[in-house]
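Just the heavy atoms: all of them, side chains too, but no hydrogens, waters or symmetry mates, feed the values below. Computed from a predicted structure; not experimentally measured. Within every chain, numbering begins at 1; the chains are lettered A, B, ... in the order of the sequence lines, protein sequences first and strands thereafter.
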Amino acid sequence: MFRLLLLAASLAAAAPAQLCKPDAQNAFKVRLSIKTALGENAYAWDAHEEYLFKAMVAFAMRRYSSKSSTQIANVLLCNVTDRVSFWFVVTDSSRNLTAVPGREVEAAIRMSRHRINSAFLLSDRTLQFLKITSTLSPPVEPSTPVWLIVFGVVLCLIVAGIVFLIVGGIRQHKKRNKEPRQAEAVEEKAEVAMENGIPCETLEVKGGRLNGGFAAEEERFTPL
Amino acid sequence: MEKSRPLWDNPLQFVFACISYAVGLGNVWRFPYLCQMYGGGVASVVVSFFLSMYYNVINAWAFWYLFHSFQDPLPWATCPLNSNRTGYEEECEKTSSTQYFWYRQTLNISPALEASGSVQWEQALCLTLAWLVVYLCILRGTESTGKVVYVTASLPYCVLIIYLIRGLTLHGAVNGLIYMFTPKLEQLSNPKAWISAATQIFFSLGLGFGSLIAFASYNESSTNCERHAVIVSLINSTTSIFASIVTFSIYGFKATFNYETCLSKVILLLMDAFDLEEGSVTADNLSQMKAFLMATHPQQYAQLAPQLKNCSLEAELDTAVQGTGLAFIVYSEAIKNMEVPQLYSVLYFFMLLMLGIGSMLGNTAAILTPLTDSKFITSRFPKEVISGAVCLINCVIGLIFTMEAGNYWFDIFNDYAATLSLLLIVLVETIAVCYIYGIRRFEKDLHTMIGRKPNWYWKIMWAFASPLLIISLFIFYLTDYILTGTLQYQAWDATQGQLVTKDYPGYALAVIGLLVAASTMCIPLGALVTFIRKRLKRERVSTVA
């Protein structure tokens, strides 16, 4: 009887050891990069942190399957290295201490990944579950791409500038067309020769005393 | 009353115009310019026309990057996710996110020249905007161009100064500067280096393009052109050196950043594989740790060895790129790693835009000046319509460069449209002025302009040194083209995530031949036509008499 109890006890102790070992069927490797993530505020990885980890995994399992049977003692950790990496496996006490299938554990962890990360002040990159890929969050995209808005603004400014300049040019052109016509009308009244192209306004202002026409003519002759 | 020729408001505008034109993208990246001979040189117009067709595409790209700089994070900082959101896009993984943004999201480049693809509407929009901006600046002729060049000449300097301060304070900038100032003696003994330097200065100053002549034609006849020539050349060279200090400090930063990223990847790989404590492997003891691990865990190390890259700062610095690669890929990669990258990105691409528009103004001035000078055309159409027509035609043709294979056509134009023909044009100009017009007459003209005769240095340079240099450059390029055999180009391979060399197809070679022929043949053809005309006149006169 005593021997049977001893056998049972040793089996009970051996079973979890067999369940949790590297590359075991339903075990997952976890890797933490605490110093990379936190730098000077990095905490040391000790037994208390391991306890928190077990608690978080149990919490994730409970949330996922919504049955309250998973205990902290069901989560087994082994092969903790200096890197801070270890293997863990979740056992099911209702089924004779066999390991919970990997798919369930994976789904549970995926669902509560963000909570687990936050508990350790880490991110998806610094707290890695090596077989569980995380879905990357897509970048926030506004309904109209930003560049089109800026493009529209610049385009409107440039087009406004062009229209302004063209309209200005047309107005100047019209003014210039009106003025020569008025000058021509005045010249016809004054009856002065237009070959020299002297504007008649200067002639009329001077009156009869100084004939602006001749004064201007002298300048045009080349010096002897 | 006769309408006088429009003039620059003050001599400063002319200097600024020349600086703005000369200090173009050529100082940030080598670029051939186009010039046009004042008074009827068809050759220059043809080269100018080719140039303006494709140059504005660069401004379109600058606009694209500028508009995309108003986002957080910058779109070229991270790779986009693949369809099931488990990782990044495959093409982006193989290459860097900046290269992916350039080749895929900006150009949407096709794997070969033959696969033309469709016009990219985003690029077409940016190109239209670029042409509208150019139109706005040249609309009123010198009147508006004169004011615009104040901005396009001075703003790049402000931005370069800001970048100089930012660049020199970046981590790792010193590595770049050391790299720039250590002469590589083997490279110096290679004649190709000197030839490239000569070509760079030649094209950078924009000689052989009528732009300088066009700008100068708006000067009053009493301008001190000797002083201006010296000023513009000095400023151009100093700007080149200044810009390369900025560029190399940014280079150094980028190379150091990549080197340190590479190192940390290797360290992470080692730590993960051998479960070592964090912080036990650092950059300093990496080589010792590697040796130690190789000795203690040989099989594991051997398994890991192919993934362990040899990180080298020298290799990062040696990845010298020129042309569009430098301006868009390397700089955007450096910018994304700075603090407040949006600010630096906006500044940088705005500067690039100013430089490009400044040079475009020179090009279009070179085309428009003969058009507006010819009485035949100005009597029928107002100035605005002529400028508008030129811009519209160039814009429509430029749509070719917005297609998926557009960048390959761009490279063709960039490499062949102007190089040989420019050398020829400038050679002909120099010989025409010195030997045909006569250097004595030229001296006398200068004497009336500036009040003294040019000294012997100028005369020797014009009459002997320049033609010799140009002829030797010309011969070098010809032999280079002939020796390399079939011409090849770099095509982007999306599956590998890098550039591969391919041969040009037949019709592309024909286009290249046409480009070179069209611009070089104009001069002898023009001479022939003039000769025949004179002959006919002489015969007519003799028959009348």
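Summarising the local packing, OH of A:Tyr51 is surrounded by 12 or fewer heavy atoms from other residues, nucleotides or ligands at distances under 6.0 Å. For B:Lys265, the NZ atom is loosely surrounded, since the number of other residues' heavy atoms within 6.0 Å does not exceed 12. For B:Gln300, the CD atom sits in a packed shell: over 12 heavy atoms of surrounding residues, nucleotides or ligands are nearer than 6.0 Å. Open room surrounds CZ on B:Phe350; 12 or fewer heavy atoms of other groups in view lie less than 6.0 Å from it. By the 6.0 Å contact criterion, CD on A:Gln25 is open, its count of non-hydrogen atoms from other residues, nucleotides or ligands being 12 or less. Heavy-atom contacts from other residues, nucleotides or ligands closer than 6.0 Å to CZ of B:Phe70 number more than 12. The environment of CZ in A:Arg63 is crowded: more than 12 heavy-atom neighbours from other residues, nucleotides or ligands sit within 6.0 Å.
Taking the six-membered ring for Trp and thresholds of 30 and 60 degrees, B:Phe67 and A:Phe151 have ring planes more than 60 degrees apart, a perpendicular arrangement.
Remark: B:Cys391 SG to A:Ile162 CD1 distance equals 8.5 Å, nearest 0.5 Å.
For chain B, the nearby part of A:Leu32 is the backbone; its heavy atoms alone come within less than 4.5 Å. At a 4.5 Å heavy-atom cutoff, the contact between B:Leu139 and chain A is made by side-chain atoms alone. Neither the backbone nor the side chain of A:Val84 comes within contact range of chain B; no heavy atom of the residue lies under 4.5 Å from a heavy atom of that chain.
When each of A:Ile149, A:Leu148, A:Thr81, A:Leu157 is scored by its heavy-atom pairs under 4.5 Å with chain B, the top score falls to A:Thr81. Most heavy-atom pairs under 4.5 Å with chain A, from the set B:Leu66, B:Leu125, B:Thr78, B:Val133: that is B:Leu125. Considering only heavy-atom pairs separated by less than 4.5 Å from chain B, the leading option among A:Gly161, A:Ser85, A:Gly168, A:Ser33 is A:Ser33.
In this structure the side chain of A:Arg83 never reaches within 4.5 angstrom of the side chain of B:Phe274, judged on heavy atoms. Contact annotation: the side chain of A:Phe86 never approaches that of B:Asp275 to less than 4.5 Å [non-hydrogen atoms, C-beta and beyond]. Within the 4.5 Å cutoff, the side chain of B:Leu132 has heavy atoms near those of the A:Leu155 side chain.
In terms of heavy-atom proximity, B:Gln71 sits nearest to A:Trp147 at NE2-N, 4.4 Å.
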Mind running salt bridge (charged side-chain N to carboxylate O under 4.0 Å, His left out) on B:Asp272 and A:Lys29 for me, showing each step along the way? CA-CA 12 Å; B:Asp272 288 344; A:Lys29 184 166 183 185; over 6 Å; no
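Using modelled atom types, one side-chain atom of B:Glu278 and one backbone atom of A:Lys35 make a donor-acceptor pair closer than 3.5 Å.
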